[in-house]
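The structure displayed is predicted, hence computed values, not measured ones. We count ligands from 1, going down the list as the structure has it; atoms in each ligand are counted the same way.
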Amino acid sequence: MCEEKHWNSSQLRRYDLQFEQIPRIHYTDPKIDELISANKPVVITGSNIIKTARDHWTPEYLEQNLGVAGHTVFSSKTHKFKYFDDSKISKNNLNGIEFIPPTRKCKMRMGEFMKKLREWKPGNDRLYLQQPLNNTVGPLIVEDFAHFDWEYVNKRQAKHNWGPLTSNLLLISQEGNVTPCHYDEQQNFFGQAYGYKRCILFPPSDFECLYPHPVFHPHDRQSMVDFDRPDYVKFPKFGNAKGCETVVEPGDVLYIPIYWWHHIESLMRGGPTVSVNFWFKGGPTSLSYPLKDHQKVSITRNVEKMLLEVLQDPKEVGPLLRSMVMGRYS
Ligand SMILES: O=C(O)C(=O)C[C@H](CCCc1ccccc1)C(=O)O
Ligand SMILES: [Zn+2]
């Protein structure tokens, strides 16, 4: 089997961490379900899950068939596209904490988006199309989507007691774009249709090393650490994070377990990339002991929300928690 490589390590950005490899396993291997049951990441290879997308969804095909509606496109002055929840930007919610949105969101037709990608020059804003697949897309895209291997996907969803499929996000990225480290509260089958993406994942237990923004912050669920220039004074445990990584290629589906941190980058000098994810609500969580790490993260979120609700001022949360713990629980 020829192992011709379609990329090399010079196309990966350099970080101060070492990473294990995420296992790549053929979709017929029962080991896949063992790892999904254990909430561990795995690259599912050789499947037909997104075969029609892998066969057809080149940027040009999408330009022809995605439809004439305006799609959600983010623009950034840097290579990083740090997500933020704009419903959390309200003045009283931030209590004077300054927030500068790192990206701008606009609606852009696919033709204009592709034109800007073709004409892009260093110094120009970078663009990232992130659009939930809905009924505005053209008939050929609907056809391809209908021919995903839903039997395989639905079998996994049922076997692992996942909740309902909430959305499929279509992602068309410029080469070199980065989605910084964050976690989602959903199970995720991340399908790679075109081009190559490096995915770095960390377990929920790395919570203490990745320093998520406070829950009320617009960057809730995102790491405060800038991977390009980590501040080891503010984030002394960052160096202890134990990540694993893979470079997904066309046809691969990466299982990103709920609450697992992930940083995703389109390879530098690798051309545009096309991905489509499958977000599922987590299943019914029965608190069984010992608690799973992701359940502890979920509990800390609830404590933060409740304290903020009663204290109102975010600046009072730290002092109250410290006075509660110091000398009594630590
Ligand atoms: O599929 C996932 O979960 C990813 O993170 C894929 C990621 C883009 C996701 C953008 C985003 C981040 C946070 C909230 C809502 C949307 C990429 O591939 O660049
Ligand atoms: Zn994500």
Side-chain angles (χ1 to χ4, degrees), residues 12-13 22 39 41-44 49-50 53 57 59 71-76 78-89 101-105 126-133 153 162 165-204 206 210 212-213 215 217-224 227 243 245-250 252-268 270-282 294 297 301:
L12 308 179
R13 294 179 183 276
I22 295 172
N39 259 339
V42 56
V43 180
I44 302 170
I49 298 171
I50 55 157
W57 291 10
H71 299 297
T72 301
V73 173
F74 291 91
S75 66
S76 174
T78 75
H79 57 278
K80 291 202 273 278
F81 286 76
K82 188 169 181 175
Y83 170 81
F84 63 92
D85 179 346
D86 30 17
S87 74
K88 295 186 174 180
I89 296 180
T103 62
R104 272 183 298 112
K105 179 162 67 168
R126 283 169 169 272
L127 298 177
Y128 202 152
L129 185 146
Q130 302 183 356
Q131 171 66 43
L133 282 176
V153 173
W162 292 353
L165 177 71
T166 57
S167 64
N168 295 90
L169 195 60
L170 173 66
L171 300 156
I172 308 176
S173 172
Q174 215 172 308
E175 63 187 17
N177 284 3
V178 174
T179 294
C181 194
H182 69 280
Y183 68 87
D184 302 300
E185 296 179 274
Q186 306 216 43
Q187 300 285 9
N188 185 354
F189 268 168
F190 180 85
Q192 187 59 19
Y194 182 87
Y196 297 81
K197 263 178 167 174
R198 185 223 199 153
C199 306
I200 305 171
L201 273 64
F202 303 86
D206 270 358
L210 293 168
H213 285 268
V215 170
H217 194 279
H219 283 321
D220 173 26
R221 294 185 290 110
Q222 322 287 311
S223 171
M224 294 193 279
F227 277 33
E245 71 172 327
T246 190
V247 174
V248 288
E249 56 190 54
D252 286 351
V253 175
L254 167 65
Y255 168 53
I256 304 177
I258 188 168
Y259 285 103
W260 273 64
W261 298 86
H262 45 288
H263 155 114
I264 298 184
E265 59 189 55
S266 293
L267 298 199
M268 295 185 284
T273 64
V274 179
S275 317
V276 54
N277 77 11
F278 299 64
W279 267 325
F280 297 86
K281 280 208 181 314
H294 75 260
V297 173
R301 291 182 62 80

**OP:** Would you please determine whether Glu265 falls within less than 4.0 Å of ligand 1 on a heavy-atom basis?
**Re:** no
Number the atoms of ligand 1 from 1 as they appear, then name those within less than 4.0 Å of a heavy atom of [X], with their elements.
| X | value |
| --- | --- |
| Phe190 | 1 (O), 6 (C), 18 (O) |
| Asn277 | 1 (O), 2 (C) |
| Lys197 | 17 (C), 18 (O), 19 (O) |
| His182 | 5 (O), 12 (C), 13 (C) |
| Leu171 | 6 (C), 8 (C), 18 (O) |

Under 3.5 Å: N/O of [X] near N/O of ligand 1:
| X | answer |
| --- | --- |
| Tyr83 | no |
| Ser275 | no |
| Tyr128 | yes |
| Arg221 | no |

Original post:
To the nearest 0.5 Å, what is the distance between CZ (Arg126) and OG (Ser266)?
Top reply: 9.0 Å
Subject >> Phe190 CZ to Ile264 CD1 distance, which is reported to the nearest 0.5 Å >> reply: 4.0 Å
**OP:** Decide yes or no for Asn277 and Ile256: does some side-chain heavy atom of the first lie under 4.5 Å from some side-chain heavy atom of the second?
**Re:** no
Original post:
Between Trp260 and Asn188, is any pair of side-chain heavy atoms under 4.5 Å apart?
Top reply: no
Considering only non-hydrogen protein atoms, determine which one is nearest to [atom] and report residue, atom name and distance to 0.1 Å.
| atom | answer |
| --- | --- |
| atom 10 (C) of ligand 1 | Gln130 OE1, 3.5 Å |
| atom 3 (O) of ligand 1 | Asp184 OD2, 2.8 Å |
| atom 7 (C) of ligand 1 | Thr179 OG1, 3.7 Å |

**OP:** Step by step, work out the ring-ring contact (aromatic ring centres under 6.0 Å, His included) result for Trp162 and Phe278.
**Re:** CA-CA 12 Å; Trp162 292 353; Phe278 299 64; 9.9 Å; no
Original post:
Looking at Glu185, Gln187, His294, which hits side-chain hydrogen bond (donor to acceptor under 3.5 Å, both in side chains) with Tyr259?
Top reply: Glu185
**OP:** Can you tell me which residue pairs pass the salt bridge (charged side-chain N to carboxylate O under 4.0 Å, His left out) test with a partner in residues 252-266, sequence neighbours excluded?
**Re:** Arg24-Asp252, Arg198-Glu265
Original post:
So which bit of Phe81 gets within less than 4.0 Å of ligand 1, heavy atoms only: side chain, backbone, both or neither?
Top reply: neither
Original post:
Under 4.0 Å from ligand 1, counting heavy atoms only, is it the side chain of Asn188, its backbone, both or neither?
Top reply: side chain
**OP:** Could you pull out the atom name of the N/O/S atom in Asp184 that is nearest the Zn ion (ligand 2)?
**Re:** OD2
**OP:** State yes or no: are the ring centers of Phe227 and His263 separated by less than 6.0 Å?
**Re:** yes
Original post:
Between Phe74 and Phe81, does the ring centre distance come in under 6.0 Å?
Top reply: no
Original post:
Does any N or O in the side chain of Thr246 come within less than 3.5 Å of the main-chain N or O of Val248, such that one atom is a donor and the other an acceptor?
Top reply: no
